[in-house]
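Note on naming: letters A, B, ... go to the chains in the order of the sequence lines (proteins, then strands), and numbering restarts at 1 for each one.
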2 protein chains.
Amino acid sequence: MGKLLIVGTVAFDAIETPFGKTDKILGGAATYISLSASQFGVHSGIVSVVGGDFPTTYLERLNARGINTDGVEIIEDGKTFFWSGKYHNDLNSRDTLITDLNVLADFNPIVPESFLNTEFLMLGNLHPAVQMGVIKQIPKRPKLIVLDTMNFWMDNTLDELMEVIAKIDVITINDEEARQLSGEYSLVKAARKIHKMGPEYVVIKKGENGALLFYNDEVFFAPALPLEEVFDPTGAGDTFAGGFIGYIAKTNDISFNNMKRAVISGSNLASFCVEKFGTERMEDLTYDEIRERLLQFKLLTQFEIELG
Amino acid sequence: MGKLLIVGTVAFDAIETPFGKTDKILGGAATYISLSASQFGVHSGIVSVVGGDFPTTYLERLNARGINTDGVEIIEDGKTFFWSGKYHNDLNSRDTLITDLNVLADFNPIVPESFLNTEFLMLGNLHPAVQMGVIKQIPKRPKLIVLDTMNFWMDNTLDELMEVIAKIDVITINDEEARQLSGEYSLVKAARKIHKMGPEYVVIKKGENGALLFYNDEVFFAPALPLEEVFDPTGAGDTFAGGFIGYIAKTNDISFNNMKRAVISGSNLASFCVEKFGTERMEDLTYDEIRERLLQFKLLTQFEIELG
């Protein structure tokens, strides 16, 4: 089992869906990634920043899942990053209502000494300069670096983002972002172009339509589990990434065949995340539930057919 | 191997995509379904109607693939059904430019005597009264009746459509149509409601995002093959249905496990259909190519993972 370092936001979210709305609750990419990866019992830590307004109990909830938060800097006279969004009726699209960067605006990440020898590095969605800052602090290149990013950084900091993309092994982005980054509509062509930018593995997330894993000319598909009800999609993409890297770190195996299992794990974890508001479901989730649902993924996709 | 009767349109299509446009070419639901099913060497026949303007050579092209066209009535002084459409740049949406029903407006289907004992019946997209007319002519209920329909009939002839739906075993519709028919956004809930309308099996087609097969509380997912280029999506849904029923008829097995293989076959055949304009690819397709691509479907979805 390998050590896992996660960089990303730790935040307040306020969410409105057709089923209700929340006050400021625990959110952020690093939060969802770490909660998801924690299901695999890996030794993980977060690099992030919060303000003096961030409840100690929130960090304790992460610690309770075995997540090291020594790398979460607390700026006592600053305010925590705050995001607020409202989902449309179909839950497939949303409006961002508020994005207050607050302490995130001037964030200088510092990797705790105990994670300088991390074997796995997960760069959650964040300013690419921060992601690069973390890469540069780690003396021995990790066994695997995974990057998650989004269209905002393609629009505003493309040059810096491209420098990060050149240094990583796996990128996870959604289908529209893959099209934007590559200029190709076909996801097969998009993945090929993105390969050439650096990452050996390209994971394209399609939400309720599953995820594609590209490796050279090979491709693997992990479906999303068809759900009766999606309650709150917030954090599903981060939870997918956390399930992916958590499984890799647990098994300590970066082969293509193991990556297939990792995207299935990511899809599995994400299917739980959307069942309740915010991080609620991820915090009461048990490994037995994950294992049981894995069986559903097998039943969903496995078939025997004669090739003759 | 069972006998297969297909009812549906045989038509002229004129198609425009970002890659070019065609004059009036061979089209229609029954055409695509039968060409697809013919890959499995089943004994199939079409019930349809064309006008005196329909080239004999078009019917001969179907006959050349072993498709019986005795049930295709020719109205010498009538004109063949004509559809014309233009695809948008992403090929995921299209505008219908022309729909001339012509001889289809007063179509009274007549099942040829040699198909009155058909074991498999495929009701392609058509007026539900015509579909019902065919069901009623067959004295011994077929082993399996599959229905394909679309939103147009839900909008305009819902009562008649519901009567047909009550009499069939398998329905194939797309995701938006499943939502419209059921009034449920969640496809899991939609399938459950549609089950209660009659069909034991509900197949929900999601285009480039694959297809779901629902059977009681079980669900199976067939992905679409990620393609470098989609040239012309016309007929892909019908080709999927043809690959589904063709595989069932060939294997003469209507178990859930065989239905899984059938949706994979449907997805496999549809992946070829979109590679060229109209029926072109379906007419030069060989069984070796289908078998080879089936291996790609296995590689795309099959994984081994420890449940422990």
Side-chain angles (χ1 to χ4, degrees), chain A residues 18 89-92 175 179 184-192 204 206-210 212-214 218-230 247 251 257-265 268 287 290-308, chain B residues 18 89-92 175 179 184-192 204 206-210 212-214 218-230 247 251 257-265 268 287 290-308:
Chain A
N89 276 338
D90 65 4
L91 289 167
N92 270 326
D175 41 2
R179 285 172 176 137
E184 292 285 351
Y185 186 80
S186 154
L187 297 179
V188 175
K189 288 186 178 176
R192 192 175 301 144
I204 299 180
K206 302 199 293 174
E208 64 171 343
N209 292 312
L212 289 160
L213 165 65
F214 291 92
E218 296 191 79
V219 55
F220 178 72
F221 177 77
L225 203 68
L227 296 172
E228 278 216 38
E229 200 83 86
V230 170
Y247 184 83
T251 52
N257 267 333
N258 205 49
M259 296 255 177
K260 294 179 184 178
R261 298 176 198 118
V263 291
I264 293 286
S265 292
N268 187 347
Y287 195 72
I290 295 169
R291 197 174 46 189
E292 200 179 312
R293 194 162 285 186
L294 192 54
L295 186 61
Q296 289 183 49
F297 274 88
K298 284 203 97 120
L299 292 172
L300 183 64
T301 55
Q302 306 298 286
F303 62 94
E304 289 301 324
I305 191 165
E306 290 297 320
L307 295 170
Chain B
N89 276 339
D90 65 5
L91 289 167
N92 269 326
D175 42 1
R179 287 174 174 136
E184 293 285 351
Y185 186 80
S186 153
L187 296 179
V188 175
K189 289 186 177 175
R192 193 176 299 143
I204 300 181
K206 302 199 292 174
E208 63 171 344
N209 292 310
L212 289 160
L213 164 67
F214 291 92
E218 297 190 78
V219 55
F220 179 72
F221 177 77
L225 203 67
L227 296 172
E228 279 218 36
E229 200 83 83
V230 169
Y247 184 84
T251 52
N257 267 333
N258 205 49
M259 295 257 178
K260 294 179 184 178
R261 297 175 199 121
V263 291
I264 293 286
S265 292
N268 187 347
Y287 195 71
I290 295 169
R291 196 174 48 190
E292 198 179 315
R293 194 162 285 187
L294 192 54
L295 186 61
Q296 288 183 50
F297 274 87
K298 284 204 98 124
L299 293 173
L300 183 64
T301 57
Q302 307 298 285
F303 62 94
E304 289 303 324
I305 190 164
E306 289 297 319
L307 295 170

| said: For A/Glu229, is the CD atom crowded, meaning more than 12 foreign heavy atoms sit under 6.0 Å from it? | reply: yes
The interface call for B/Tyr185 against chain A, heavy-atom contacts under 4.5 Å, is side chain
Practice item. Flag yes if more than 12 heavy atoms outside B/Gln302 fall under 6.0 Å of its CD atom; otherwise flag no. Key: yes
Under 4.5 Å to a heavy atom of chain A? For B/Glu304 that would be both
Bottom line for B/Leu300: the part with an atom under 4.5 Å from chain A's heavy atoms is both
Check: Are the side chain of A/Ser186 and the backbone N or O of B/Val230 linked by a donor-acceptor pair below 3.5 Å?
Finding: no
Would the A/Phe297 and B/Phe221 ring centres measure less than 6.0 Å apart?
no
Taken in chain and number order and not counting sequence neighbours, the residues that satisfy side chain to side chain contact (heavy atoms under 4.5 Å, CB included) with A/Asp175 are A/Arg179, A/Leu187, A/Ile204, A/Lys206
Heavy-atom side-chain contact between A/Ile305 and B/Ser265 under 4.5 Å: yes
- Plane angle bin for A/Phe220 and B/Phe303 - parallel if under 30°, tilted between 30 and 60°, otherwise perpendicular: perpendicular
Most contact-rich option vs chain A, by heavy-atom pairs under 4.5 angstrom, among B/Lys260, B/Arg192, B/Gln296, B/Glu184, is B/Arg192
If you tally heavy-atom pairs under 4.5 Å between each of B/Leu91, B/Asn209, B/Leu299 and chain A, the highest tally belongs to B/Asn209
With chain B, the option among A/Leu212, A/Asn257, A/Ile264 that has the most non-hydrogen atom pairs under 4.5 Å is A/Ile264
Honestly, the part of B/Leu225 sitting under 4.5 Å from a heavy atom of chain A is neither
Contacts of B/Glu218 meeting side chain to side chain donor-acceptor pair (under 3.5 Å) (sequence neighbours excluded), chain-then-number -> none
Next on the checklist: Side chains of B/Thr301 and A/Pro223, heavy atoms from C-beta outward: is any pair under 4.5 Å?
Outcome noted: no
